[in-house]
Amino acid sequence: MKVYCPDLECDSCVKVLTKTLVNANFRDFKFEKDGVILDQEGDPNHAVKIIQEKGYRAALSPFERKSFSERLRDFKENKKKYEVEYKLLKFTLITFVLLSMFEVIAYYAFFKSVPEFLSKYSWWLLYSALSVVGIAAAVVHVRSYRAEVTHMVGMMIGMTVGMQTGLLVGVILGATNGFFIGALVGMLVAVILGIVNGKCCGIMGVLEGMMAGVMGGTMGGMIGAMMVVDNILIFMPFFMVINLIILLGLSYMLFEEVVEHNVKMQKVPIEFFTFFSYCLIALTLLIIIMVYGPKSGIAGVI
Amino acid sequence: MELIVKGMHCKSCVMLITDALEENGIKKVKISLDEKKQIGKVSFEGDKEKAIKLIEAEGYHLI
């Protein structure tokens with residue numbers, strides 16, 4: 001009988017489990033890459049229990065991935081299992097509504113006197129709020145689980161956060177302020193977020209986050225600056241939807257690769273006030289740069 | 001007592017050394033692991049020479 005144990009990473013793991021099994025009177029067993037094969041006499045359920053007690057994942061069947069439809073059904077039926085995700089979805093929706101209200105209040109309080117404010121900025125205010133909550137939700141989701149991640153997962157986290165942040169911030173500021181501010185701010189913000197989130201797996205994630213930040217920030221600024229004289233308002237809904245789907249995909253991947261079946265994983269509590277505060281500060285800075293920041297290139301003349 | 005052990009890179013290494021020491025009479029074993037440097041700081045109460053031998057018997061080296 002095989003006990004599947006996907007957390008076997010090194011000789012130390014094998015030594016720890018060998019000792020555990022020997023102490024529990026298992027005699028003949030053999031380790032494989034993804035588990036341990038027990039002799040006929042040992043009780044496999046007991047083996048699963050003692051291996052789990054040591055902090056490793058263990059089961060009598062392989063740890064298979066759920067298909068997308070199975071995951072969706074599981075998500076609807078197991079609210080307790082996905083409590084972090086439900087909480088974050090709630091926070092995201094409430095924060096988006098509050099940020100939209102904040103923008104309306106800010107318009108009447110500060111920006112009403114700015115010439116052509118609504119025609120110049122109204123769509124970009126909406127996209128800013130969407131981008132801020134989208135990026136914040138993805139980043140907070142990554143940080144709401146404390147677990148060891150593989151280099152591949154860490155690099156994906158760093159790259160996705162860096163690239164999407166750069167593209168979203170870059171395109172907005174590129175359209176309102178020109179290529180210079182779009183690329184500069186987009187790149188700096190994206191590189192910082194790429195480093196902060198990619199460092200969960202060490203230098204590889206950090207570099208991936210930095211490179212994606214440079215690429216996303218400059219490319220986002222370029223798209224915004226170049227397309228502002230084209231049909232950018234038709235382009236933007238598609239651009240936003242695809243980018244938000246990618247951020248959702250990051251959360252999906254995180255759950256699949258880091259959270260599911262991982263007994264060593266720890267949940268980190270998230271607070272609405274903290275989430276909302278970060279979003280509010282980010283949005284406020286974005287709006288200030290958008291409205292009062294330097295304008296260059298095409299954005300300076302239209 | 002405190003020892004610095006190199007080559008420790010995961011929680012399994014921590015469990016391995018903790019068990020080896022505690023099973024042989026070393027008390028109050030605490031290990032803080034620096035995964036990036038692959039170094040573990042092992043603090044304990046008991047015979048230092050015995051602890052070194054037990055750690056080396058598990059395949060680790062001291063700095």
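Within 6.0 Å of NZ on A:K81 lie more than 12 heavy atoms contributed by other residues, nucleotides or ligands. Applying the 6.0 Å contact sphere to CE of A:M215 captures no more than 12 heavy atoms from other residues, nucleotides or ligands. Annotation: A:M152, atom CE; neighbour count of heavy atoms from other residues, nucleotides and ligands within 6.0 Å does not exceed 12. Surrounding NZ of A:K267 are more than 12 heavy atoms belonging to other residues, nucleotides or ligands, all under 6.0 Å away. The number of heavy atoms from other shown groups lying within 6.0 Å of OH (A:Y82) is above 12.
Contact annotation for A:K19: only side-chain heavy atoms (C-beta onward) come within less than 4.5 Å of a heavy atom of chain B. In this structure, chain A has a heavy atom under 4.5 Å from the side chain of B:C10, while its backbone stays farther away.
Using a 4.0 Å cut-off between charged side-chain N and carboxylate O, B:D19 and A:K15 make no salt bridge.
The candidate with the highest count of non-hydrogen atom pairs below 4.5 Å against chain A, out of B:L16, B:V14, B:I17, is B:L16.
The distance from the NZ atom of B:K11 to the SG atom of A:C13 is 11.0 Å, given to the nearest 0.5 Å. The CG atom of A:D11 sits 12.0 Å away from the CD atom of B:E58 when rounded to the nearest 0.5 Å.
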